[in-house]
2 protein chains.
Amino acid sequence: MLTERQLYILKAIVDDYITNAEPVGSRTISKRQDINFSPATIRNEMSDLEEMGFLEKPHSSAGRIPSQKGYRYYVDHLLSPTQLSSRDVTDIRSQLAEKFQESEQVIQQSAKILSQLTSYTSIVLGPEVFESKLQQIQLIPISTTQAVIIIVTDSGHVENQTVYFPENVSGSDVEKVVNILNERLRGVPIYQLQQKLSQEIASVFKKYVSKYETMLTALREVFRDHQQEKVYYGGKTNILSQPEFNDVERVRNILNIFEEDALVSRLIRSEDQGLTIRIGEENDFKPFEDLSLVTATYTLDGKYVGTIGLLGPTRMEYPRVISLMEYFSRDMSELLNRRNKN
Amino acid sequence: MLTERQLYILKAIVDDYITNAEPVGSRTISKRQDINFSPATIRNEMSDLEEMGFLEKPHSSAGRIPSQKGYRYYVDHLLSPTQLSSRDVTDIRSQLAEKFQESEQVIQQSAKILSQLTSYTSIVLGPEVFESKLQQIQLIPISTTQAVIIIVTDSGHVENQTVYFPENVSGSDVEKVVNILNERLRGVPIYQLQQKLSQEIASVFKKYVSKYETMLTALREVFRDHQQEKVYYGGKTNILSQPEFNDVERVRNILNIFEEDALVSRLIRSEDQGLTIRIGEENDFKPFEDLSLVTATYTLDGKYVGTIGLLGPTRMEYPRVISLMEYFSRDMSELLNRRNKN
DNA sequence: TGTTAGCACTCTTATTCGCCGAGTGCTAAA
DNA sequence: TTTAGCACTCGGCGAATAAGAGTGCTAACA
């Protein structure tokens, strides 16, 4: 229902506002050389677009800015899919070189590059511990009453925790426990550990191990604690450099959210394979109501393992961000997979 | 060389400025009921104090604010040692309850409480991996070319890293490596691992292990990477709520520093046992030139293991902060020691 | 001689006013 | 349908002004 010209004007306004962060007037548009209409004509169209809800005015004598609906339309219909500039590609390539051994490093570095390239804040979830399986459990004694329990997953992830037990637990008991655990739990997904422990292992313990209760409670705790996934950030303060955030109080609120990993994880997580764009209130979260969040997933063996996200003002450089996210989504999956294979 | 009255006035001004963050005028001081001098007299004294460098004027018709030298004098001579309020003590006690198993949790929680109680930013270093000794090394294979190497220290700290080696390394070689490492390196301080590896172990490897070079480089890397200590923060954004920080650019600079753990670690670290107060430029670090940093150390078996720090405006509530820091320094040492003993 | 009242002076902050410029909306003409 | 023209709106900015807080100095006082 939008005419060709209206589409053009809407796109022009969004593009302009994205780069300049200032309300766009009719004259600015009409001065473009690929359009041949007078400011007056543009004004009429703008007025119509506003009536339809795509634009709004900060005040009566300023130019127009895109409304949330305007951004949404822009993202859905107006976006010309851009190629990543070769400069970006070489930048990424050089910074995400092969030197990274740990998948954790790959992720951290990706977050960093993403934020540097965009001057938004990047947030990366995972890799999903949840889905990975137990490879081995080790119990390493530190003193007579203390040991470190170490859980290694098949994806090479390591979790550890110190456990305490009473003086009178014998070394052979500890050994038995470790053996039982490794025998029974290898290959079990991390999220099932707790359950298995209560249902199967408990009774086995009872049979072979004296003083098994202490062990059991300690283990239960360890398994419970290590189910949440990690959150990595890049450029936490980048968002402060956006002109719309020169109010310290607002900034503080947003920055505080970043300290709550569990909350952020919930906000970012997206089950959808592929790219998701949430604009302003679409985030359904008050402090993000003038922020946009673009997320994509990355995979291991085709399975979801984590999410990458980019948080910026609603006035976000969508075309660039989208191609970047697509690139990273692919590249991280690839890097992690290669790492896991050879 | 300062008269009784000058001391009183200096203290009054610092106290007032600390709580109100606004230049203090002569009238404000004279209105205190425990002083019986007219504003004019106070003015004369203030003028003298300014000449001596303890006070300064933001501009000619504002009140006075303490200079850096003024704060220093206040901290060194004027501070009445205050008792921690019983409310604070119960607050701390309840939040730092016994439930914490991991020393990491104790530290994190301490950082959090400290920041909540003061609305400054707390920074905690350690516990010092550097000084601790190797307890055990484990190598857990993940795939044919991948293993996780796990280093456990005598303080129960765990470091891990994934290593990759060529297909043709035999299982028995790996086993040999682990055995040699555990035999030769147990009890060696972490910071000496790299050196020992090159000097002693290399030749042993050469003798017994085929394909030892790959192993060696992998290990070298692992040892190198795990020497730095961890930095924990509490209330990163607290500093934003101080009235002197409503400039987004300044805030950004400071927050960015917090992202550089190595830098922060260097700034905070203090070899001095006991309490250290660095005011403004005493930090010798441009971005901190109007911040104060109070640090204290905590110990394990009487040995230094880490530092706790509190970062706030120079206009800091020194009396309260000092007693809090003393309390935490003692309490954390105690908690950690108890944890290590029983 | 130390203290204080008084007063002129300084400087900041808040407020008001007027003006400029960017931009709109409407009307009428092409 | 498009556009030129014009009146109108509104925010932003600088100058002018007033208010207020505080100082420094002088002279008088105990």
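Bear in mind that the values here come from a model prediction, so they are computed numbers and not experimental data. In what follows, chains are A, B, ... by sequence order, proteins preceding strands, each numbered from 1.
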* To do: Figure out the CD1/P separation between A/I9 and C/dG23, and round it to whole Å.
  => 15 Å
* Asked: Quick one: does A/T314's side chain have a donor or acceptor within less than 3.5 Å of a partner on A/S292's backbone?
  -> no
* To do: Can you check each nucleotide of nucleotides 23-30 of chain D against protein heavy atoms at under 4.0 Å and return B for base, S for sugar-phosphate only, - for none, in 5' to 3' order?
  => BBB-----
* Tell me: CG of A/D48 to C1' of D/dT2, nearest whole Å? -> 14 Å
* Please work out which of the three classes, parallel, tilted or perpendicular, describes the rings of B/F54 and B/Y73, given edges at 30° and 60°. => perpendicular
* Asked: Separation of B/E45 atom CD from C/dT3 atom P, in whole Å?
  -> 8 Å
* Spell out, as yes or no, whether a donor-acceptor pair under 3.5 Å connects the side chain of A/Y327 to the backbone of A/L84. => no
* Asked: How long is the line joining CG of B/L55 and P of D/dG22, in whole Å?
  -> 15 Å
* **Basic-acidic side-chain contact under 4.0 Å: A/R315, A/E22** => no
* To do: Output all residues satisfying salt bridge (charged side-chain N to carboxylate O under 4.0 Å, His left out) with A/D290, sequence neighbours left out; order by chain, then residue number.
  => A/R250
* Asked: For the pair made of CG in B/L49 and P in D/dG22, what is the distance, rounded to whole Å?
  -> 17 Å
* So, do B/Y74 and B/L10 sit near enough that their side-chain heavy atoms are less than 4.5 Å apart? -> no
* Rounded to whole angstrom units, what separation is found between the CD atom of A/E56 and the P atom of C/dG23? -> 17 Å
* What integer distance in Å separates B/I42:CD1 from C/dG2:P? -> 16 Å
* To do: Please state how far atom CD1 in B/I13 lies from atom P in D/dG22, giving the value in whole angstrom units.
  => 12 Å
* To do: Give, for atom OH of A/Y8 and atom CG of A/L78, the distance between the pair rounded to the nearest 0.5 Å.
  => 11.5 Å
* Asked: Given Watson-Crick or G-U pairs with both distances under 3.5 Å, what dot-bracket string fits DNA chain D, with | for other-strand pairs and [ ] for crossing?
  -> ||||||||||||||||||||||||||||||
* Asked: Taking the side chain from A/K69 and the backbone from A/M52, do they hold a donor-acceptor pair closer than 3.5 Å?
  -> yes
* If each of B/H59 and B/P39 is mapped to the nucleotide of DNA chain C with the nearest heavy atom, which maps nearer the 5' terminus, i.e. the 5' end? -> B/P39
* Structure fact -> Residues B/L267 and B/R278: closest non-hydrogen pair is O-NH1, 3.2 Å
